[in-house]
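What follows is a set of notes on a single structure, which appears directly below.
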Amino acid sequence: MSEDDSGRLERLNSMLKRRGFLAPAFEIHGGAKGLYDFGPVGGRLRSRVIQSWIDHWLQLGNVVEVACPAVTPFAVLEASGHVGEFSDFMTTCKSCEEASRADTLLEAHHPNPDDLNLNELKQLLQSVNPSCPACDSPDWSEVVAQNLMFDTTIGSGKSGRAGFLRPETAQGIITSFPSLYRHFRERLPFGAIQVGKGYRNEIAPRQGMIRLREFNMAELEYFIDPEAEVTPNLSRWNDTNMAFLPRGKDELNSTLEQVYLDGMIHHPTVAQFLGMAYEFLTGLGINSSKIRIRQHDENEMAHYAKDCWDIEILGSYGWIECLGVAHRGCYDLEQHHKATGKSMHARREFSEPILTTIDAWTVNGATVGPTFKALAGAVKQAVEELPKDTQFPTNITLSNSETVTVEQEHVKPNQKTIKETGEWYIPHVIEPSFGIDRIIWHALDHAYQELEKEGENYTVMRLDPSIAPIDYAIFPLFEKDGMDNLAMEVHQRFCSTSGIVSMYDGSGSIGRRYARADEIGVPNCITVDHQSLEDRTVTVRDRDSGEQTRVHIDSLIS
RNA sequence: GCGGAUAUGGUGAAGUGGUAUCAUAGGAGGUUUCCAACCUUUUGUCGUGGGUUCAACUCCCGCUAUCCGCACCA
């Protein structure tokens, strides 16, 4: 980062704070690492970005919106693998109270201490008893799992249950699969979106909005039949060259469809969602030349993922991952199924029923039971595998390696036709997951322009109008002669129109007011002047061009 | 978590063992026929806790936060 850039970052940050976009949270109490406020201007920006995101994904037509709790019982995140995979095992030196990671302390004594479980670590720590890196004392406390999730107790006293604040919104959707499946009349594919807060007790939050302890996430969980043929229309992005970083390959510029056809993106729905995500970002005003699509290395992927592509955005902090499209396979549904015994399956009907004709042997329960007693079940299994032309008596070997003699009286012919009209399977999940705060940061970063105007520094936020916090700024040229009243009337009409936010500003010179509006990215400023009083026309000034057009008040609001 | 730097009005800065200055921003009033003009006036500050001292924004220690490396990390 050059000196100029870091100066720009400082000026941007102080402007964002001064003008009410972003600020450290709880600042009067000294603030708290990794926690940020969206201020009086930023709050509106955030809700607009979120609304655009929701609208964007609802376009799919088979997606619904849900909202699940952030407080999540232990068992849910244990099943999802987060309790195990999201933890570090910590131990504390009893003499200097310095906390260390147990696996790090044991690196010299085990090829891969990271793979040890809690008990193995405890034992190895006891037998090795390494000295403390801080004070050399070899006296360690119990090893405890220090999880990156915020833990809490749900309820109080003896009835309290262990729980966490969710590290991702996904699990709430995935555990709702059975009700989503009913809602969609048991037909895949379908998806559910959720926008909400996620929590990670990061060891070292950094870089302003980039790594937070409480953050806004927006996720789609899209449930698919892994065997269904999908032919997505990727050609709609054929006139857009995107930058790709496939695993183990050099960066290349190509179209999404070409990269998919070349086999680098394994699932067509992943490709489609990457296109939609790209479209969403550029729609917010993110500079497309500062977007790249990067595939995760094998060892980089989260514990649940089969394949994962990130979209990274270049900004003041370098290339930052702002969203990921992960192919989670059947991992999550299977895990919750195993943990709860609840069905997480979907039914796939065959195009034609499969008829299976069986013409062989089965056991005669009345004789096999008394004869073989506890082995009867294994005998039945073995007998049903015998060919039709088997002669009895015969010796068969059971699954437990015991050999028994089966007589004619133990068996009877088994002739039947089984008709299967379909089968049950665990759906796969494709998950586009967006870091809303990081995306907002880059929208701000890319929109922020430092210009020079008549020798003076001049700041404009060229925010896309779809996410601008304020749509119109209304100025009376002078606050007198009725211009103030007319301006207030226009302001009120805007404010009572759903979806439009306007700001009245009557203080300072007109130039100063334009400058203030430009700084927070108001796309249009409307000025009421003397002529307005006569014919109810006003001037509309465009933020980016500075051009003014005169229009009638009534044509402003349809 | 480790190492280094930093913390003064809303923002950006200066400064001193004797309660602080400048710019800019904000409010009120005036003035001006459209891009940070001008005049008057006003608001507001030494991150936090402890120690040394007659006296601490200043010196010392802890804490918190911010920034930069390293480590960690979706």
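Reminder, nothing fancy here: chain letters follow the sequence lines and each chain counts from 1. Just so it is clear, the structure is predicted and the values come from calculations on it, not from any experiment.
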Worksheet item: Among A/Arg328, A/Arg200, A/Lys197, which one satisfies salt bridge (charged side-chain N to carboxylate O under 4.0 Å, His left out) with A/Glu168?
Response: A/Arg328
Worksheet item: Expressed in angstrom and rounded to an integer, what is the separation of A/Asn13 atom CG from B/A65 atom P?
Response: 17 Å
Practice prompt. Can you tell me the distance, in whole Å, between the CZ atom of A/Arg328 and the P atom of B/A74?
Written response: 13 Å
Worksheet item: How far does the C1' atom of B/A14 sit from the matching atom of B/U21, given to the nearest Å?
Response: 7 Å
Item to complete: Grab the CD-P distance between A/Gln207 and B/C70 for me, whole Å please.
Response: 11 Å
Practice prompt. Using the C1' atom on both, measure B/G49 against B/A56 and round to a whole Å.
Written response: 14 Å
Fill in: B/A25 to B/U11 separation - P atoms, rounded to the nearest Å
15 Å
Item to complete: For RNA chain B, write out the stems as range with range, using runs of 3 or more consecutive Watson-Crick or G-U pairs with both distances under 3.5 Å.
Response: B:1-7 with B:64-70, B:10-13 with B:21-24, B:26-30 with B:38-42, B:47-51 with B:59-63
Discussion item. With hydrogens left out and only the distance checked, is there a donor-acceptor pair under 3.5 Å joining A/His82's side chain and the base of B/A74?
Written reply: no
Worksheet item: Got a second to check how far A/His442's NE2 is from A/Ile291's CD1, nearest 0.5 Å?
Response: 10.5 Å
Worksheet item: Whole-Å distance between B/C73 C1' and A/Glu312 CD?
Response: 15 Å
Fill in: Euclidean distance, atom CZ of residue A/Arg213 to atom C1' of B/C72 [Å, nearest integer]
12 Å
Worksheet item: Pick from A/Arg550, A/Arg536, A/Lys480: which one makes a salt bridge (charged side-chain N to carboxylate O under 4.0 Å, His left out) with A/Asp529?
Response: A/Arg550
Item to complete: Quote, to the nearest angstrom, the P distance that separates B/G50 from B/G69.
Response: 35 Å
Worksheet item: Between A/Phe280 and A/His56, how do the two ring planes meet: parallel, tilted or perpendicular, split at 30° and 60°?
Response: tilted
Worksheet entry | Spacing of CG belonging to A/Leu22 relative to CG belonging to A/Leu444, to within rounding of 0.5 Å | 6.0 Å
Worksheet item: Does the A/Ser502 side chain pair with the main chain of A/Cys495, one donor and one acceptor, at a distance under 3.5 Å?
Response: no
Worksheet entry | Interatomic distance, A/Trp441 atom CH2 to A/His446 atom NE2 [nearest 0.5 angstrom] | 10.0 Å
Practice prompt. Could you go through the side-chain contact (heavy atoms from CB on, under 4.5 Å) check for A/Asp484 and A/Tyr504 one step at a time?
Written response: CA-CA 10 Å; A/Asp484 46 353; A/Tyr504 175 94; 3.7 Å; yes
Worksheet item: NA contact type, A/Arg19, heavy-atom cut-off 4.0 Å: base, sugar-phosphate, or nothing?
Response: nothing
Practice prompt. Round to the nearest Å and state the distance from A/His29 atom NE2 to B/U66 atom P.
Written response: 16 Å
Fill in: B/U43 versus B/A5 - spacing of their P atoms, nearest Å
40 Å
Worksheet item: What is the distance from CD1 of A/Ile320 to P of B/C73, rounded to the nearest Å?
Response: 17 Å
Worksheet item: With under 30° as parallel and over 60° as perpendicular, where do the rings of A/Phe223 and A/Phe177 fit, or are they tilted in between?
Response: tilted
Worksheet item: On a whole-Å scale, what distance lies between the P atoms belonging to B/C63 and B/U40?
Response: 49 Å
Worksheet item: Taking protein heavy atoms under 4.0 Å as touching, what does nucleotides 21-38 of chain B look like 5' to 3' if B marks base contact, S marks sugar-phosphate-only contact and - marks none?
Response: ----SSS----BSBBBB-
Worksheet, complete the sentence: In whole angstroms, the gap separating P of B/U66 from CG of A/Leu212 amounts to 10 Å
